[in-house]
Asks: 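Below you'll find the structure I mean.
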Amino acid sequence: MWYLKARMESRIPARELVKQKGQLKDDVVAIKVDGRIVDLHTPVPADATFEVIHATDKDGIQVIRHSTAHVMADAVQRLFPGTKVTIGPAIEDGFYYDFDKPGGGFSDEDLATIEKAMLDVIAKNTPFRREVVSRNEALALFEKMNETFKVEIIRSIPENEEISLYKHGTPGDDEWVDVCEGPHVPSTGFLRAVKLTSVAGAYWRGDERNPMLQRIYGTAFPSKEALEEHLKLIEEAKQRDHRKLGKELDLFFFDQVAPAMPFFLPRGAYVYNRLVDYVRNLYVDYGYEEVITPQAFDPKLFRTSGHLGNYNENMYRLWTEDLLEEGAVDPKVGVAKHVQEASFALKPMNCPSHCVIFGARKRSYRELPWRVADFGRLHRYERGGVVHGLSRVRSFCQDDAHIFCTQDQVAEEIEKFLKMFYGIYKAFALTKIDIRLATRPEKRIGSDDLWDMSERALQEGLERAGLPFEISKGEGAFYGPKLEFHVQDALKRSWQLGTMQYDPNLPERFDLAYTGEDGKDHRPVMLHRAVFGTFERFLSVYLEHCGGNFPAWLAPTQAIVLTVSDKSEAYGRSVLEELRSKGLRAEGDFSGDKLGAKIRNARTYRYPYMLIVGPKDAEAGSVSVRSRDAGELGAMPRAEFVAKLLAESASPR
RNA sequence: GCUGGCGUAGCUCAAUCGGUAGAGCACCUGUUUUGUAAACAGGCGGUUAGGGGUUCAAGUCCCCUCGCUAGCUCCA
């Protein structure tokens with residue numbers, strides 16, 4: 001590490017350096033030197049320039065959380081002897097620590113007990129102490145403690161790196177030690193607000209072939225107030241959970257008869273269809289053509305495409321009575337094998353169909369780029385533990401399209417796609433988008449040369465557009481690298497929505513060709529792309545983004561007429577009829593409820609407008625408008641409201 | 001798929017140590033005629049996810065299956 005390069009005599013503990021400069025205040029937890037966060041225990045060059053990090057700084061909070069993880073591990077090992085420690089980093093909203101606990105997991109009661117023990121450790125306010133040891137010393141220490149996971153970690157630390165131990169507690173009494181890079185707060189008393197939140201399984205080193213450890217999640221803040229604030233935000237986020245909103249707003253539901261396959265109710269179907277319309281309209285502008293393709297296919301198709309073999313475990317297969325009989329005829333084959341080989345498959349993707357269409361006749365270079373769109377319903381068998389509301393389902397529809405083009409056209413097509421993509425996301429006020437370039441996975445088809453070229457093409461596209469991105473190594477599809485566009489849900493889980501994938505392999509496998517200017521056959525390139533990704537997932541993210549408050553153009557019901565009493569029903573119905581005759585989506589509440597109750601009901605359904613009508617309005621030919629977003633707007637002539645709502649009903653372009 | 005947790009009326013949730021399944025909302029029927037966030041009364045509604053076991057007795061304890069859920073792994 002860099003500080004090893006400094007001469008020994010010129011190093012002093014960071015605490016001393018900060019003190020010399022007169023900056024050692026009570027809330028200083030670390031310093032930043034050369035962009036690196038170093039705690040006060042760590043030696044730094046005596047002449048280093050630094051920036052102090054306070055407990056309340058973003059970096060400071062991370063130091064607090066990592067230290068809290070240590071205190072938790074200390075408490076856990078004291079309460080549950082025999083439990084081994086592994087790793088415990090600070091994360092986005094808190095920290096976790098993974099344990100190997102004999103005899104199974106932790107209960108909620110255990111969490112409360114652990115939290116209490118942590119408070120005792122914190123109350124003692126013992127300093128964290130940093131100690132540098134040799135590799136052999138570290139190994140000997142943790143081998144003696146039978147901390148097999150730590151031993152494995154120490155062995156994996158590169159030879160040239162320093163190994164440090166962090167201790168807290170009273171030596172010879174309740175001292176606790178961990179091999180750790182740091183950084184840590186000066187003493188346990190710096191941990192003022194901690195809370196353990198949940199427990200879950202996690203594989204050692206994130207690999208499902210490894211044993212499962214017990215992970216405890218928690219969070220910590222520099223003050224009780226900040227912790228309370230955080231917990232409040234989580235509560236509010238839960239209110240916006242799309243699964244809750246879906247129920248409340250009668251948009252969709254699930255039933256055990258079709259696990260993880262949504263039933264869209266009339267109101268949900270309305271929104272869904274408007275999203276589809278919206279994309280269809282844009283396709284006119286961007287030069288796409290739509291096709292309709294089959295749902296189930298002879299498995300031959302998916303052998304050609306490579307799905308059988310690379311995507312097997314995600315596919316639904318279909319059998320028929322005839323198929324069983326055929327299988328029974330030849331005892332050498334057997335029913336199971338015959339069904340496995342010959343049963344039709346529900347499509348999990350549209351690309352093979354589009355290859356079939358492209359290859360169905362001679363194609364000219366003049367046709368390229370050919371952008372072919374498909375709103376086909378797709379089915380993918382997702383493993384039990386991964387499905388999640390509308391975000392991860394087994395039956396869905398993508399705003400899917402494939403672009404067949406020449407190598408030379410790729411750059412422009414990527415550019416056009418990005419333009420379309422950002423235009424759409426802007427229309428939905430989604431601005432926090434993370435882009436990742438997912439590169440070749442282990443399980444893949446095609447030569448490395450093709451992969452090199454494909455990955456380069458996508459990367460250049462992003463660079464030309466000046467978009468920041470991260471690389472997700474090995475995360476590409478089996479047929480090509482991907483650009484992934486990720487957006488977070490209300491609970492800060494990140495979901496991939498849009499995608500663009502460069503695919504040189506499927507045209508090869510389907511032996512696709514177009515006739516070039518030179519009269520010879522050439523292989524086209526294929527781009528897979530989707531802006532929303534799937535309508536299901538997009539809807540889940542968007543629902544949470546707008547909190548169920550759909551804009552007027554998208555709202556299943558734009559306005560509801562509320563009568564003050566029966567006396568105004570006739571007038572109310574005439575208002576309703578007028579709205580509907582103008583193509584507006586309106587409802588009426590002519591029930592015996594009092595006005596207050598009607599308003600309350602209408603609010604929970606989040607209708608953009610309530611039109612309150614009573615004798616005064618009937619007299620004046622007006623409606624009293626209450627806007628969901630802007631509050632009471634007062635009485636206005638019927639025609640004025642109609643014009644206003646019509647203006648708001650246009651979908652963005 | 002793995003590790004926890006959960007599954008009671010359409011929805012949100014009660015039910016003490018294993019001892020008669022209950023409330024609010026919604027729905028239906030009346031009464032009330034109401035001007036900006038819940039009028040009142042009555043009624044309907046349940047093989048306690050499904051199956052098996054222990055027990056005199058199971059919503060409650062045990063086992064299996066299904067589903068949901070928090071994470072992990074995997075993915076749009």
Side-chain angles (χ1 to χ4, degrees), chain A residues 96 98 101 104-108 110-111 197-217 241 243-244 247-248 250 253-260 311 313-314 348-349 378 380-394 396-400 438 441 443 472 475 477 482 484-487 491 493 495-499 501 528 530-538 540-541 562-569 591-604 610-617 624-626 631-635:
Chain A
Y96 67 79
D98 287 347
K101 177 171 173 278
F106 298 98
S107 68
D108 286 349
D110 291 341
L111 285 197
T197 48
S198 64
V199 54
Y203 299 106
W204 167 237
R205 303 216 146 160
D207 190 327
E208 66 181 321
R209 289 165 300 197
N210 286 340
M212 180 158 279
L213 306 169
Q214 299 302 319
R215 173 172 298 179
I216 300 178
Y217 282 93
D241 188 317
R243 292 167 296 188
K244 184 174 153 66
K247 250 184 227 172
E248 281 174 12
D250 290 332
F253 79 103
F254 291 88
D255 189 281
Q256 293 201 14
V257 297
Y311 209 72
E313 62 275 20
N314 286 298
M349 298 183 191
L378 306 176
R380 295 183 191 172
Y381 177 73
E382 300 287 352
R383 295 202 288 177
V386 307
V387 294
H388 181 93
L390 282 186
S391 311
R392 185 89 178 262
V393 290
R394 291 181 174 141
F396 56 88
C397 168
Q398 298 179 312
D399 61 328
D400 198 15
K443 205 173 174 184
S472 288
E475 299 292 316
K482 305 192 279 189
E484 302 178 340
F485 300 87
H486 292 258
V487 178
L491 296 168
R493 288 177 285 217
W495 297 97
Q496 180 188 328
L497 295 175
T499 181
Q501 305 168 8
H528 306 238
V531 175
F532 285 150
T534 68
F535 290 99
E536 283 75 6
R537 181 176 287 178
F538 181 82
S540 79
V541 169
L562 309 181
T563 47
V564 173
S565 77
D566 282 0
K567 289 174 189 159
S568 308
E569 182 170 342
S591 70
D593 282 345
K594 293 182 75 168
L595 183 59
K598 292 183 182 182
I599 289 171
R600 188 172 194 277
N601 291 336
R603 278 188 64 95
T604 59
M610 295 178 218
L611 304 181
I612 291 146
V613 297
K616 283 180 262 176
D617 299 288
S624 295
V625 181
R626 186 175 166 133
E632 272 190 69
L633 302 181

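Below, read A as the first sequence line, B as the second, and so on, with proteins coming before strands; counting in each chain starts at 1.
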Asks: According to side chain to side chain donor-acceptor pair (under 3.5 Å), who are the partners of A:Gln214, at least two apart in sequence or on a separate chain?
Replies: none
Asks: The criterion is salt bridge (charged side-chain N to carboxylate O under 4.0 Å, His left out); which residues satisfy it with A:Lys244, sequence neighbours excluded?
Replies: A:Glu248
Asks: Send over the distance from A:Asp593 CG to B:U33 P, rounded to a whole Å.
Replies: 15 Å
Asks: Can you tell me how far C1' of B:C68 sits from CG of A:Asp241, to the nearest Å?
Replies: 13 Å
Asks: Among all residues two or more places apart in sequence or in another chain, which pass the salt bridge (charged side-chain N to carboxylate O under 4.0 Å, His left out) test with A:Asp98?
Replies: A:Arg215
Asks: Rounded to the Å, how far apart are A:Gln501 CD and B:C75 P?
Replies: 12 Å
Asks: Tell me, please, which residues at least two apart from A:Asp255 pass salt bridge (charged side-chain N to carboxylate O under 4.0 Å, His left out).
Replies: none
Asks: Would you give a per-nucleotide map of nucleotides 1-14 of chain B, 5' to 3', where B means the base has a protein non-hydrogen atom under 4.0 Å away, S means only the sugar-phosphate does, and - means neither?
Replies: BBB---B---SS--
Asks: Under 4.0 Å, counting only non-hydrogen atoms across every strand here, what does A:Lys482 touch: a base, just sugar-phosphate, or nothing?
Replies: sugar-phosphate
Asks: For A:Lys598, check salt bridge (charged side-chain N to carboxylate O under 4.0 Å, His left out) against everything at least two apart and list the hits.
Replies: none
Asks: May I have the list of side-chain donor-acceptor pairs in residues 383-393 of chain A shorter than 3.5 Å, sequence neighbours left out?
Replies:
{"unit_1": "A:Arg383", "atom_1": "NH2", "unit_2": "A:Glu208", "atom_2": "OE1", "d": "3.4"}
{"unit_1": "A:His388", "atom_1": "NE2", "unit_2": "A:Arg493", "atom_2": "NH2", "d": "3.4"}
{"unit_1": "A:Ser391", "atom_1": "OG", "unit_2": "A:Ser540", "atom_2": "OG", "d": "3.2"}
{"unit_1": "A:Arg392", "atom_1": "NE", "unit_2": "A:Glu382", "atom_2": "OE1", "d": "3.4"}
{"unit_1": "A:Arg392", "atom_1": "NH2", "unit_2": "A:Glu382", "atom_2": "OE1", "d": "2.8"}

Asks: How would you label the contact of A:Val613 with the nucleic acid (heavy atoms, under 4.0 Å): base, sugar-phosphate, or nothing?
Replies: nothing
Asks: Whole Å only: how far is the CG atom of A:Leu390 from the P atom of B:C68?
Replies: 13 Å
Asks: Give me the stems containing RNA chain B, sorted by first residue, counting only three or more consecutive Watson-Crick or G-U pairs with both distances under 3.5 Å; say none if there aren't any.
Replies: B:1-7 with B:66-72, B:10-13 with B:22-25, B:27-31 with B:39-43, B:49-53 with B:61-65
Asks: Nearest whole angstrom, please: distance from the P of B:U73 to the CG of A:Asn314.
Replies: 17 Å
Asks: Taking the chi torsion of B:C25, is it syn (within 90° of 0) or anti (everything else)?
Replies: anti
Asks: Determine the interatomic distance between P on B:U60 and the same-named atom on B:G53; round to the nearest Å.
Replies: 14 Å
Asks: Report yes or no: does A:Thr197 contribute a side-chain atom to a donor-acceptor pair with the main-chain N or O of A:Tyr217 at less than 3.5 Å?
Replies: yes
Asks: Which part of the nucleic acid, if any, lies within reach of A:Ser624 when heavy atoms closer than 4.0 Å are counted: base, sugar-phosphate only, or nothing?
Replies: base
Asks: Could you state the NE2-P distance from A:His486 to B:C74, rounded to the nearest angstrom?
Replies: 13 Å
Asks: Once side chain to side chain donor-acceptor pair (under 3.5 Å) is applied, do any residues pair with A:Asp241, and if so which ones, sequence neighbours excluded?
Replies: A:Arg243
Asks: When we call it a touch if two heavy atoms are under 4.0 Å apart, what does A:Arg493 touch: a base, just sugar-phosphate, or nothing?
Replies: sugar-phosphate
Asks: Starting at NZ of A:Lys598 and ending at P of B:A39, how long is that distance when rounded to a whole Å?
Replies: 11 Å
Asks: Measure the distance from CZ on A:Arg600 to P on B:G24 and round it to the nearest whole Å.
Replies: 16 Å
Asks: Name the closest nucleotide to the A:Arg626 side chain, picking from B:U36, B:A76, B:A39.
Replies: B:U36
Asks: Counting any heavy atom closer than 4.0 Å, what does A:Arg215 reach on the DNA or RNA strands: base, sugar-phosphate only, or nothing?
Replies: sugar-phosphate
